[in-house]
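One structure is given here, and the rest of the page talks about it.
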Amino acid sequence: MDKSLDGTRVILLSREEERAVEKRAKKRKGTRIAVGVLLPVVVLVVLFSVLLNARDLGVGQGNTDGAYGTVLADIDGIREADPRIIDIAMLGAHDANSFSVSADGPVDDSPSSEVLGALLPLSSGFQYRMSVTQTLSPHGLLMQGARFLHLKYTYYDGEWRATHSLVGRPFEEDVLEVLEFLHSHPGEVVLLLFQCSYFGETQSLHTFHDWLAGVRHEGKSIYDYVRYDKVNVFGSSESDGADIAALTYNGVTSNGSKAGAVLFDRREPDKVKEGETSESEYSQYFFDIDSNARHTWHSRMGSDALIGLIEEEVKDVVAARFFEDRLRVDQTQASVAFSGISDIFHDIFSWSLLKFAEEHNAALVEHPDLDEWLRAMPVFQVDFVNSDKGDFNRRINEKIRARNEEIVRILLEEEGGYEALYR
């Protein structure tokens, strides 16, 4: 119905027509709300489907020139100086055998991995990208200068396997590569930290130590490269045995004529039934890492956060004079973390631990306090040891070499023994 007021046309709707208009308006509004809600959900589903399932690690192979098979034996004067093992600067490889884990492989049987196992069908790519920390096998890492190897293993399906949440190749292959290197590189020192994820119902540190005796290359096991007496496992003043601070280059390498290994493990409670295993004769050659080393795990993601924590750690190490009796490991590497929005952002958008390490390592080697870090914490442990971003692998090996040459010079020219290294 049309009516006019002062020349203005007014349209009057019937009640039915009004209801129809209101209904169409509500429908349009509902559609806008639905689109506003569902569109972000669809975008997030697609985004996380890619993020959680993509398996590309985002990096290349890194430096593979094998130029650092010898990093200690050819330093002039090292035998005369005979530095303590805990003072020697070393490049460390975090999760040094994680290169072999597979996105299609199972999650290890550790109870702590149950949640990861349940989520694996939805997040296999993300878990894989956050499990691989090195692109090379242990032998390749040693040839790129690494002398401290952090090796994780688990008892899975009746055998010892490499692991970093996801299960990798048989652990025997990792041990054989280390033995191959030791066999052919006299005068080099390799520190090995063995960390078990899961012992199962029948295994323990002791059965693992016995098993290692049977892994041989050219007729030699890892124990043939151990050239120290039984150790003070927990560094206790009430116990006998060799202290970690008493080990020197000459003692471990037979005056530089042979390669030497120093063994560490995590003395977590043995997960075996009482009486099922007995103490291994080899167990007294392993230092408990937690008792004999300062190796603070930062559990953060992001270069700024990690570098800040490294600087705090340096101050603590120096103030507490940990250099007197402990190995000091600078754990520079990142970890999946949930400390805040920043960490979660880095977790998602750093893409992989290797990709993060590629950028992070380049920042570390540029840091003006790197020399101070190496003095306080000589073991410089990283992910992606052989990264060539910013020429990292070559530059960090040169820095470590320079520190060890400085150590030899100070010990030969100045009085005061190791104390002179920290003045």
Side-chain angles (χ1 to χ4, degrees), residues 55 93-121 123-124 127-128 130-134 136-139 141 149-182 192-226 261 263-286 288-289:
R55 300 179 176 188
H94 175 242
D95 289 314
N97 55 339
S98 62
F99 86 105
S100 74
V101 304
S102 168
D104 295 316
V107 174
D108 72 32
D109 287 332
S110 169
S112 63
S113 298
E114 289 179 359
V115 173
L116 296 177
L119 294 175
L120 189 62
S123 61
S124 62
Q127 290 195 46
Y128 171 65
M130 294 298 160
S131 293
V132 182
T133 65
Q134 307 294 342
L136 300 181
S137 67
H139 187 273
L141 295 175
L149 301 185
H150 169 236
L151 300 164
K152 279 187 179 175
Y153 63 97
T154 190
Y155 196 69
Y156 184 85
D157 200 20
E159 66 174 335
W160 299 110
R161 299 282 292 273
T163 186
H164 188 202
S165 297
L166 298 172
V167 174
R169 68 181 184 174
F171 193 60
E172 179 179 9
E173 296 179 35
D174 297 326
V175 178
L176 285 171
E177 288 201 11
V178 174
L179 293 173
E180 178 187 354
F181 177 85
L182 291 169
L192 300 170
L193 168 56
F194 296 97
Q195 182 176 352
C196 186
S197 174
Y198 184 60
F199 288 117
E201 294 297 322
T202 61
Q203 304 301 316
S204 71
L205 283 172
H206 307 307
T207 61
F208 173 72
H209 294 163
D210 284 337
W211 174 83
L212 278 175
V215 181
R216 294 179 173 271
H217 173 77
E218 299 291 337
K220 292 184 177 181
S221 76
I222 197 66
Y223 302 112
D224 290 299
Y225 296 95
V226 173
L263 309 180
F264 299 84
D265 57 21
R266 301 293 301 274
R267 293 273 171 157
E268 297 168 316
D270 294 351
K271 303 176 180 66
V272 296
K273 297 177 183 177
E274 186 175 356
E276 241 182 325
T277 63
S278 58
E279 180 90 9
S280 167
E281 65 177 296
Y282 302 107
S283 293
Q284 293 301 308
Y285 295 102
F286 290 78
D288 172 59
I289 189 70

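Every value quoted in this text rests on a predicted model; they were computed, and no experiment measured them.
- The heavy-atom pair separating Gln127 from Val107 by the smallest distance is OE1-CG2, 4.3 Å.
- Closest of all the heavy-atom pairs between Leu166 and Ser102 is CD1-O, 3.6 Å.
- Atom OH in Tyr198 sits 6.0 Å away from atom CG in Asp109 (nearest 0.5 Å).
- Taking NE2 of His217 as the reference point, atom CG of Leu182 lies at 9.5 Å (rounded to 0.5 Å).
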Take Glu279 and Gln284 through the side-chain contact (heavy atoms from CB on, under 4.5 Å) test and state the conclusion after the steps.
CA-CA 9 Å; Glu279 180 90 9; Gln284 293 301 308; 3.3 Å; yes
Run the side-chain contact (heavy atoms from CB on, under 4.5 Å) test on Arg266 and Ile289 for me, step by step, so that the C-alpha distance in whole Å, both residues' side-chain angles and the decisive distance to 0.1 Å come before the verdict.
CA-CA 6 Å; Arg266 301 293 301 274; Ile289 189 70; 3.0 Å; yes
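- The aromatic rings of Trp160 and Phe208 lie perpendicular to each other, with more than 60° between the two planes, well past the 30° mark.
- Looking at Phe99 and Pro138, their side chains come closer than 4.5 Å, going by heavy atoms from C-beta outward.
- One finds the CZ atom of Phe194 at 5.0 Å from the CG atom of Leu212 (value rounded to the nearest 0.5 Å).
- The minimum heavy-atom distance between Phe199 and Ser204, with the atom names listed, is CE2-C, 3.5 Å.
- Although no hydrogens or angles enter the test, the distance criterion places no donor-acceptor pair under 3.5 Å between the side chain of Arg161 and the main chain of Thr154.
- Counting only distance, with no hydrogens or angles, the side chain of His150 and the backbone of Asp95 share a donor-acceptor pair below 3.5 Å.
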Show the numbers, then the answer: is there a salt bridge (charged side-chain N to carboxylate O under 4.0 Å, His left out) between Arg55 and Asp104?
CA-CA 10 Å; Arg55 300 179 176 188; Asp104 295 316; 2.6 Å; yes
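- Side chain of Ser100 to main chain of Arg169: a donor-acceptor pair is present (N/O by atom type, distance under 3.5 Å, no hydrogens or angles).
- Contact check for Glu159 versus Phe171: no side-chain heavy atoms found under the 4.5 Å cut-off.
- Between Phe286 and His209, the angle of the ring planes stays under 30°, which puts this pair in the parallel group of the 30/60° scheme.
- No side-chain donor-acceptor contact under 3.5 Å links Ser131 and Ser165.
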Are Ile222 and Val215 close enough, and set up right, to give a side-chain contact (heavy atoms from CB on, under 4.5 Å), and what steps lead you there?
CA-CA 8 Å; Ile222 197 66; Val215 181; over 6 Å; no
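- Annotation for Tyr225 and Lys220: closest pair OH-CD, 3.6 Å, computed over non-hydrogen atoms.
- To the nearest 0.5 Å, atom CG of residue Leu192 and atom CG of residue Asp174 are 11.0 Å apart.
- Closest heavy-atom contact between Ser98 and His164: CB-CB, 4.2 Å.
- Note that CG of Leu205 is 11.0 Å distant from CG of Asp210, once rounded to the nearest 0.5 Å.
- Thr163 places no side-chain N or O within donor-acceptor distance of the main-chain N or O of Lys152, the cut-off being under 3.5 Å.
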Go through it in stages, so that I can follow the logic: the residues are His206 and Ser283, the test is side chain to side chain donor-acceptor pair (under 3.5 Å), and I'd like the CA-CA distance, side-chain angles, deciding distance and then a yes or no.
CA-CA 6 Å; His206 307 307; Ser283 293; 2.8 Å; yes
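- Atom CG of Leu151 sits about 5.0 Å away from atom CG of Asn97, to the nearest 0.5 Å.
- Leu193 and Asp265 get closest at one heavy-atom pair: CD1-CA, 4.0 Å.
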